[in-house]
Amino acid sequence: MSSNWDEALNVSLIRQYILTTFPDAIYCGITGSRVVSRHNALSDVDLVVLVNQPSRPIHFGAYLEGMRIDGTAASLPEWRMKLEADRAQRLCGLARETVHAEPIYDKNHLHETLVDTSKEILLRGPIPYSEEEWLRLRAALSEVIDDWEYATPDERVFICVIGFFYCYEAICATKRAWLGVGKWGFRNLAEKAPGDATELTAAVLSSLQQGDNERFVAYMKDILSSIGGRPPAEYQAPEK
C-alpha cells in the first residue's frame with residue numbers, strides 16, 4: 001500500500017462484500033480520496049471492480065459499518081470500452097481513478113495492465129472538438145450574451161450559471177483539458193490551465209456576489225472572441 005493509504009479502512013470487510021456481491025470478481029481496487037490523502041469523515045470509499053463474465057458496466061453502492069461504498073463493476077473488455085466512451089465525452093474519471101487505485105484483490109494480476117491502460121488514455125487526452133461542435137458552442141455562448149441584455153436580475157442569475165458552463169467548456173476545449181463533474185470540473189481545468197480556472201471563477205463571482213455584471217459580460221465576450229466569435233448568420237444549430 002502507498003504511504004497515502006487510509007489505514008482506518010476495514011479492507012477485509014470491503015473485500016468480503018465485493019466477493020459476495022460479485023462472485024466472479026477478478027479485481028478490486030480502492031481509489032479516490034482514500035488513497036491520495038484527500039479524504040475526510042464523509043468521503044466515499046471508491047472502488048473499481050472487474051468481473052469475469054461480461055454483462056454491462058454497472059454502478060453500485062452500499063453502506064458497510066458506516067463506510068459509504070461507491071463503485072463501478074465491469075468485465076475487462078467492458079472496462080476498456082468505457083474508458084474510450086468516457087474519452088469520447090471528454091471525461092477521465094474512471095481512468096484517473098484506476099491510475100491511483102490500490103488493489104485489495106487481484107486474482108489474475110491485472111493491476112499493472114489496468115494502470116498502464118489508464119495512463120495511456122490520460123496521455124492521449126480528450127478528443128478534439130469538431131468544426132460542428134465549435135460552431136454549436138459559439139452559437140450557444142452568443143445566445144447567452146444576447147439574453148443577458150434584457151434579462152431581469154433574477155433571470156441573470158440563471159444566465160450567469162449557464163454562461164459559466166459554456167465558458168468552462170470553451171476553455172477546456174481550447175486547452176485540451178478534460179471536462180469534469182462537480183469538484184473535478186475545477187480540478188481538471190486548474191491542473192491544465194490554473195490561470196484560466198482562477199479567472200473564470202473570479203468573473204462569475206464578480207457577478208453573483210458583487211453584482212459586477214459588466215465584468216462577467218465582458219469576460220464572456222472575450223471567451224467568445226477567443227474561439228472564433230459569433231457563428232455565421234446562416235448557421236442553424238441542430239435540434240436539441
Side-chain angles (χ1 to χ4, degrees), residues 1-126 178-191:
M1 298 296 183
S2 73
S3 59
N4 294 326
W5 178 256
D6 180 7
E7 297 180 355
L9 283 179
N10 188 336
V11 173
S12 296
L13 181 62
I14 296 172
R15 186 186 299 114
Q16 179 183 0
Y17 163 75
I18 291 302
L19 294 178
T20 300
T21 305
F22 304 100
D24 62 334
I26 55 177
Y27 176 86
C28 178
I30 297 180
T31 184
S33 60
R34 296 282 184 171
V35 295
V36 292
S37 293
R38 300 184 76 162
H39 60 280
N40 56 52
L42 299 178
S43 294
D44 295 344
V45 179
D46 297 305
L47 302 178
V48 174
V49 176
L50 293 185
V51 296
N52 196 41
Q53 295 298 321
S55 55
R56 61 182 178 85
I58 64 169
H59 179 265
F60 64 91
Y63 282 89
L64 298 176
E65 294 187 356
M67 296 182 294
R68 187 170 61 183
I69 304 295
D70 185 78
T72 300
S75 67
L76 183 57
E78 291 167 338
W79 176 81
R80 294 181 189 275
M81 289 175 60
K82 180 161 175 39
L83 286 184
E84 292 293 348
D86 284 354
R87 180 174 181 261
Q89 297 181 59
R90 304 176 179 94
L91 300 172
C92 68
L94 182 59
R96 188 185 295 274
E97 286 183 352
T98 306
V99 164
H100 297 291
E102 290 283 0
I104 62 172
Y105 182 72
D106 192 4
K107 181 179 180 180
N108 296 343
H109 308 289
L110 291 171
H111 181 68
E112 186 173 342
T113 299
L114 301 179
V115 171
D116 288 346
T117 303
S118 297
K119 286 182 177 178
E120 189 267 337
I121 288 285
L122 294 174
L123 185 62
R124 285 162 61 195
W178 294 100
L179 297 176
V181 179
K183 61 190 177 186
W184 284 106
F186 178 82
R187 289 180 182 177
N188 289 343
L189 180 57
E191 180 180 277

Looking only at heavy atoms, what is the nearest atom pair of [X] and [Y], with distance?
X	Y	answer
K107	A25	CD-O, 4.5 Å
G180	N188	CA-ND2, 3.8 Å
W79	A74	N-CB, 4.0 Å
L64	I14	CD1-CA, 4.4 Å
R80	T113	NH2-CG2, 3.8 Å
L76	L50	CD1-CD1, 3.9 Å

In terms of relative ring orientation, are F60 and Y17 parallel, tilted or perpendicular, with 30° and 60° separating the classes? tilted
Indicate yes or no for a side-chain donor-acceptor contact from [X] to the backbone of [Y] under 3.5 Å, with no hydrogens or angles considered.
X	Y	value
D24	Q53	yes
R87	G125	yes
D44	D70	no

Which distance, rounded to the nearest 0.5 Å, do you find between the [atom1] of [X] and the [atom2] of [Y]?
X	Y	atom1	atom2	value
I26	S75	CD1	OG	8.0 Å
R96	W184	CZ	CH2	5.0 Å
E112	D106	CD	CG	10.5 Å
L114	H109	CG	NE2	13.0 Å
I30	L47	CD1	CG	6.0 Å
E102	C28	CD	SG	12.0 Å

Apply side chain to side chain contact (heavy atoms under 4.5 Å, CB included) to residues F22 and V49 and explain how you reach the verdict. CA-CA 9 Å; F22 304 100; V49 176; 4.3 Å; yes
Would you mind reporting whether [Y] and [X] have side-chain heavy atoms less than 4.5 Å apart?
X	Y	answer
T98	T31	no
R124	I121	yes
L13	M67	yes

Answer yes or no: are there more than 12 heavy-atom neighbours, outside E120 itself, under 6.0 Å from its atom CD? yes
